[in-house]
Amino acid sequence: DRRWLRKPIRSGGGHGISLWREEPLDEAHLLQECVEGTYASAAFVADGWDCVLLGVTEQLIGREELGGRGFRWCGNILPLDLPPQGVEAVLDAVEEIAAKLTRRFGLRGANGFDFVLAGRGDCLIPCLVEVNPRYTASMELVEWAYGVSVFDLHVRSSEGELLPFSLRDRIQKGGFYGKGIVYAQADVVVPETAGWRERGRRDIPFPGEKIEARHPICTVLAQGDSRDECWRRLLAEAEAVRQEVEEGR
């Protein structure tokens with residue numbers, strides 16, 4: 001009665017993932033149980049034994065509004081929007097996963113992991129999906145929202161120094177920060193991009209660059225007082241990019 005995902009062993013960003021149809025599995029793929037819930041990720045720094053949680057985000061996966069589909073990664077929203085009665089339990093569970101990973105593998109510096117938050121109400125359980133022992137995409141939002149340098153924390157923790165950082169205090173201050181990957185809906189040619197960075201766009205392509213349908217154009221950023229407001233602003237920024245690109249096509 002379980003569903004399984006067929007995932008490439010060498011892949012990233014959700015590329016090549018599909019539901020397993022019970023076809024024979026070759027050496028280039030693995031199976032992973034498909035768990036229903038909210039896609040999420042965690043960012044932390046570690047000194048080889050202890051660790052400090054820096055952020056927990058919602059992962060935007062397969063969002064057609066951004067041009068994504070299937071299990072394609074489309075960005076993150078910080079922090080993960082949780083019911084008030086479930087915040088402490090979820091953060092405790094995520095911190096426990098980070099601590100166990102750190103001690104099992106001797107992790108140092110900046111690290112992250114993806115998980116699915118399964119369950120309902122105040123009974124939410126993080127199910128580990130994969131570990132990323134490196135700087136992760138959500139850390140850009142941690143720096144923006146919390147005013148820290150992840151690179152500085154990476155260097156310090158790699159050398160055995162963990163600075164005090166209270167994620168709970170940061171979350172209580174409110175505000176949501178998002179990044180969205182804008183995928184092309186058709187083959188396009190990038191117009192002039194002067195001023196794109198000042199407008200909060202990242203991963204900016206070169207003017208005249210040809211981008212095929214379903215490939216990323218750039219990253220957009222947005223901020224809001226609520227998760228839904230942040231999401232709406234991300235979509236507005238994505239639509240502005242598409243209009244500019246289509247007009248210059």
Side-chain angles (χ1 to χ4, degrees), residues 37-60 75-119 121-179 221-231 234:
T38 300
Y39 300 110
S41 67
F44 64 99
V45 289
D47 65 1
W49 182 253
D50 291 321
C51 63
V52 174
L53 191 62
L54 300 179
V56 181
T57 68
E58 173 188 352
Q59 280 200 324
L60 304 173
N76 299 76
I77 294 180
L78 176 82
L80 177 63
D81 196 16
L82 296 166
Q85 69 274 20
V87 173
E88 284 299 321
V90 170
L91 291 181
D92 286 346
V94 170
E95 286 177 332
E96 182 179 2
I97 292 174
K100 288 182 176 179
L101 290 173
T102 296
R103 294 175 183 180
R104 172 64 179 83
F105 297 105
L107 298 178
R108 289 180 177 271
N111 299 271
F113 61 87
D114 300 335
F115 63 94
V116 175
L117 193 61
D122 58 356
C123 185
L124 298 171
I125 301 173
C127 301
L128 183 63
V129 173
E130 68 179 33
V131 184
N132 297 300
R134 55 171 172 77
Y135 184 97
T136 64
S138 66
M139 291 178 181
E140 180 179 15
L141 297 179
V142 170
E143 293 190 325
W144 180 23
Y146 303 148
V148 298
S149 168
V150 173
F151 182 75
D152 179 60
L153 297 177
H154 168 73
V155 172
R156 289 172 179 264
S157 58
S158 295
E159 296 175 345
E161 180 185 3
L162 285 177
L163 298 181
F165 182 89
S166 176
L167 178 58
R168 288 165 175 79
D169 290 343
R170 307 293 177 119
I171 291 177
Q172 289 177 356
K173 292 181 179 179
F176 288 78
Y177 301 78
K179 62 184 294 184
L221 303 175
Q223 181 182 0
D225 291 333
S226 68
R227 184 269 178 201
D228 290 343
E229 181 182 11
C230 181
W231 172 240
L234 271 181

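The model shown is predicted, which means the values in this text are computed figures rather than measured ones.
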Open item on the list: Given 3.5 Å as the limit, does a donor-acceptor pair link the side chain of R108 with the main chain of D47, or not?
Closed with: yes
Open item on the list: Once rounded to the nearest 0.5 Å, what's the spacing between atom CG of N111 and atom NE2 of H154?
Closed with: 8.5 Å
Task: Atom of S157, atom of V45 and distance for their closest heavy-atom approach - done: OG-CB, 3.7 Å
- [ ] Measure the shortest side-chain to side-chain distance between V56 and L91 over non-hydrogen atoms and say whether it is less than 4.5 angstrom.
- [x] yes
Open item on the list: We want to know whether S166 and D169 form a side-chain donor-acceptor pair, criterion being a heavy-atom distance below 3.5 angstrom.
Closed with: yes
Task: From C51 atom SG to E96 atom CD, the distance as rounded to the nearest 0.5 Å - done: 11.0 Å
Open item on the list: To check you understand the geometry: which heavy-atom pair defines the closest contact between L54 and L167, and what is its length?
Closed with: O-CD1, 3.3 Å
Task: Sub-4.5 Å side-chain heavy-atom contact between L234 and L60 - done: yes
TODO: Report yes or no: does N132 contribute a side-chain atom to a donor-acceptor pair with the main-chain N or O of E130 at less than 3.5 Å?
DONE: no
TODO: List the atom of L117, the atom of P126, and the distance in Å for their closest heavy-atom pair.
DONE: CD1-N, 3.8 Å
Task: Shortest non-hydrogen contact from P133 toward L107 - done: CB-CD2, 4.2 Å
Open item on the list: Quick check on R104: does its CZ atom have over 12 non-hydrogen neighbours (other residues, nucleotides or ligands) under 6.0 Å away?
Closed with: no
- [ ] State, to 0.1 Å, how close L163 and V52 come at their nearest heavy-atom pair, and which atoms those are.
- [x] O-CG2, 4.1 Å
Task: Flag side-chain contact, heavy atom, 4.5 Å: W144 against L221 - done: yes
- [ ] Please answer whether the main-chain N or O of V150 pairs with a side-chain N or O of E143 as donor and acceptor at a distance below 3.5 Å.
- [x] yes
TODO: Mind jotting down which residue pairs meet the side-chain hydrogen bond (donor to acceptor under 3.5 Å, both in side chains) criterion with at least one end in residues 48-59? Sequence neighbours excluded, please.
DONE: S41-T57, D50-R103, T57-N76, E58-R227, Q59-D114
TODO: Starting at CG of L78, measure out to CD of Q223 and round the result to the nearest 0.5 Å.
DONE: 10.5 Å
TODO: For residues Y135 and F151, determine if any side-chain heavy atom of one lies less than 4.5 Å from a side-chain heavy atom of the other.
DONE: no
- [ ] Work out which heavy atom in P79 is nearest to a heavy atom in Y146; give both atom names and the distance.
- [x] CB-OH, 4.3 Å
TODO: Check whether any side-chain heavy atom of V94 sits under 4.5 Å from a side-chain heavy atom of F113, and report yes or no.
DONE: yes
Open item on the list: Would you compute the distance between atom SG of C230 and atom OH of Y177 and round it to the nearest 0.5 angstrom?
Closed with: 9.5 Å
Open item on the list: If you define the side chain from C-beta out and look only at heavy atoms, does anything of M139 sit under 4.5 Å from L153?
Closed with: no
Open item on the list: How long is the straight-line distance from CD1 of I97 back to CZ of F115, given to the nearest 0.5 Å?
Closed with: 7.0 Å
Task: Side-chain heavy atoms of T38 within contact of L124, under 4.5 Å - done: no
